[in-house]
Amino acid sequence: MAAYLNRTISLVTGQTAPNGNDDHNTSSTDTLDSSLSSSRPNLSLQPSASSTSANFQPNPMVSETRLYQPNDKSPLQIFVRAKKKINDIYGEIEEYVNEATTFINALHSDAEIVDKAERELFESYVYKVAAIREVLQRDHMKVAFFGRTSNGKSSVINAMLREKILPSGIGHTTNCFCQVEGSDGGEAYLIKEGSDEKLNVVNIKQLANALSQEKLSESSLVRIFWPRERCSLLRDDVVFVDSPGVDVSANLDDWIDNHCINADVFVLVLNAESTMTRAEKQFFHTVSQKLSKPNIFILNNRWDASANEPESQESDLAKVKSQHTERCIDFLTKELKVTNEKEAAERVFFVSARETLQARIEESKGNPPHMGAIAEGFQIRYFEFQDFERKFEECISQSAVKTKFQQHSSRGKSVSGDMRSMLDNIYERITIFRNLKQDQKNLLTERIQGTETQMMQVTREMKMKIHNMVEEVEEKVSKALNEEIWRLGVLIDEFNMPFHPERLVLNIYKKEMNAHVESGLGSNLRARLSMALAMNVEAAQSEMTDRMHALVPNEQLLASSAKLAVRTQPFEMLYSLNCQNLCADFQEDLEFKFSWGIAAMIQRFTGKVRERSKKNQPALVNRQSSIGHSVVTPVSTPVETTPVCLLPTPGVGGITPEQLSVISRFAMSSIGSQGTVGGLVVAGIMLKTIGWRVLVGVGALYGCIYLYERLSWTNSAKERTFKGQYVRHATKKLKMIVDLTSANCSHQVQQELSSTFARLCRTVDTATTDMNEELKTLESQLKILEANQKQLKLLRNKANYIQNELDIFEHNYIAPQ
């Protein structure tokens, strides 16, 4: 009671709070000063109706201005400005989070920098910030009115809204929860719970009235949208929630959870003609358990009934008022423990909501407020209601800014701080990863340069090795083939196919002998050379492979190069002799020839002459070479008329094959042409010279030798003669292809080694190409990593900027509170 009297006296003397709501008390300040100053000597706080009526001077222009112009000095504007500021900050936070998440998703392809969990965490911030922004758009200052039925909750709301919006009357009037909030349009409408249909606001009397035939659940909600310009409280984003009586339903938990969990202020409307009931206390005990120290105002409504009490009971009336006040203070401080005694005394008021509503309706018509008075003491009750509104505005503004925006500010700091910390970790990982990539780039560059230098050196060495090996192979093959040709007679003797001089059989015999010679020579050459040559080739290939693999240290490239270098079959030398074609022109001579015949003697003689000429020919060649390449002009000699001498003269040179054939033909023809005469002449000369006995003996011996040779001319002799002729012919032909065969073998070795080296070079080239591609990839990755580092620095700076913005917001709007 003392706190109430002190508050009333201070306000009567003109000491109003600096943040008072000029919007509510401007029109009645002069009236209050004049009427209350007259009662100051006897401390009577209830002026008569006549004095009130006489001293009140209404100002219609002031009331019109109060209704339609915003008051920037109102405490509610703090919430409005804070809401706009926090929404702007969260717009920046949302843009920042989206930018950071897009950047992180781009980094997600490289799991070494950002893993799946981090990406999902960044994406969760997007949804979290979007949800907070949606809540901020809906955030408003919310006041909930509770009390028993017929205590005047709806009347209090109507009085604060300055219009009769909610149904009110005697008995149980409000049947459900009614939420009054501002709308930007000029049209008033309402929406039922679970529906988007806009209904005429007149229907509220049928929907929310307990006496209506259309019944709604006591937990259902009807939202009433009232034009903001028609009420300053709605314009400042205050939402009013009216409720059924707490004695109507036992579902108090559902009420709180569904409609009151986000309320900033609770107003307990009591009936001043009775005391606080158990149901009202129980409800707010439940509220106190669910909410931490809720802001509760207590209005003792219908205090106008006290004016009807006799003057003799004024002392008892003061006691009743003091009793109500003490009980309310004890309920707030001792039972609920939501505030202290000083603050609790500032939150207990004695008002008449119906009287205030009528006064404000009259005031809106341009009439003085006292025309809506119900009983004496109107000015005190009217002023008490204005005092409640002022304290209510201060409390709900402070509470809403703190409860609504402090949490959002903390969440914004948490989001930006967490993201900045994560970005710092990612920046460190990118730095480490970039240094690693830079080292890889340097190492790869050195490896490419070293590979190119070593490749040139290895190429020179391998070309020289292949050249030397080719010459060695050519020399070995030539030597081995000459030796095998020298032993050709042995190979021919090993051929034991049955021999017959018939032409058809003889052709088959020659074909088989050619095949035998080709197979035997090939087998002998392979036995002597192939193994050693194959080992040398494999050793050279192995050396090439090792040298080339040393240039490609990467294991994956080593595996691919080994796969390219390995042959499916070992190297095998091919000796292409082709005796069938080589000896195709061989013509055997199997006619009997007496070894001591004249033709045989001439051939034997010419053979010796040919051998001497071959021995003398190298000396002549050497002598001619020592002279130099000078041209020697032969000395012309006079032509003699003597017959041409067919035999070579000493010192001129050996007999030629042409001369031999001419001599043989001449001798045979000369013998045949003389006939019997010549024979008789020769016989006569020999008979006369050596005697007939010697001549007969020599002739008999000569005939016996001829007969012996003629009888021994069998198939075996013919075979021996054939093989001897074949050996001479084949030897001559094979010597002609020695150089060709050795060159062919050396070419095979060269081709094998060159192809192996070419495959290895392609492997090294492929590896070098891959390393160059890898180098380009590393350079591209380094550029991307540098760009990522710059972007991360920018994002970290944005996080710091958001932190500073939130700190400034808390300093301006939350800390002073």
ask   = Should we say atom CD of Glu461 is surrounded by more than 12 heavy atoms from elsewhere, each under 6.0 Å from it?
value = yes
message = Distance alone, cut at 3.5 Å: any donor-acceptor contact between the side chains of Glu123 and Thr101?
response = no
query = If you count the non-hydrogen atoms of other residues, nucleotides and ligands that lie under 6.0 Å from CD in Glu494, is the total more than 12?
reply = yes
Glu452 and Thr768: side chain donor to acceptor below 3.5 Å = no
key: Side-chain donor-acceptor pair present, Gln440, Glu774, cut-off under 3.5 Å   = no
query = If you measure from OG1 on Thr777 to CD1 on Ile784, what distance do you get to the nearest 0.5 Å?
reply = 10.0 Å
inquiry  = Would you say Asn514 and Tyr509 are linked by a side-chain donor-acceptor pair, where the criterion is simply a distance under 3.5 Å?
reply    = no
request  = Could you tell me whether Glu483 atom CD has more than 12 heavy atoms of other residues or ligands within 6.0 Å of it?
outcome  = yes
key: Neighbour count >12 (heavy atoms, 6.0 Å) for atom CE, Met531   = no
request  = Flag yes if more than 12 heavy atoms outside Lys465 fall under 6.0 Å of its NZ atom; otherwise flag no.
outcome  = no
task = Applying salt bridge (charged side-chain N to carboxylate O under 4.0 Å, His left out), run through Lys776 and Glu779 and close with a yes or a no.
result = CA-CA 5 Å; Lys776 293 180 180 179; Glu779 291 175 351; over 6 Å; no
Note, Gln457 side chain near Thr453 side chain (heavy atom, < 4.5 Å) = no
inquiry  = Could you tell me if the side chain of Glu99 sits less than 4.5 Å from the side chain of Gln791, heavy atoms only?
reply    = yes
query = With under 30° as parallel and over 60° as perpendicular, where do the rings of Tyr125 and Phe122 fit, or are they tilted in between?
reply = perpendicular
inquiry  = Before you tell me yes or no, could you show the steps for Lys798 and Glu95 under salt bridge (charged side-chain N to carboxylate O under 4.0 Å, His left out), namely the whole-Å CA-CA distance, both residues' side-chain angles and the distance that decides it to 0.1 Å?
reply    = CA-CA 10 Å; Lys798 287 185 178 181; Glu95 180 182 355; 5.5 Å; no
Flag for His516-Glu512: side-chain donor and acceptor within less than 3.5 Å = no
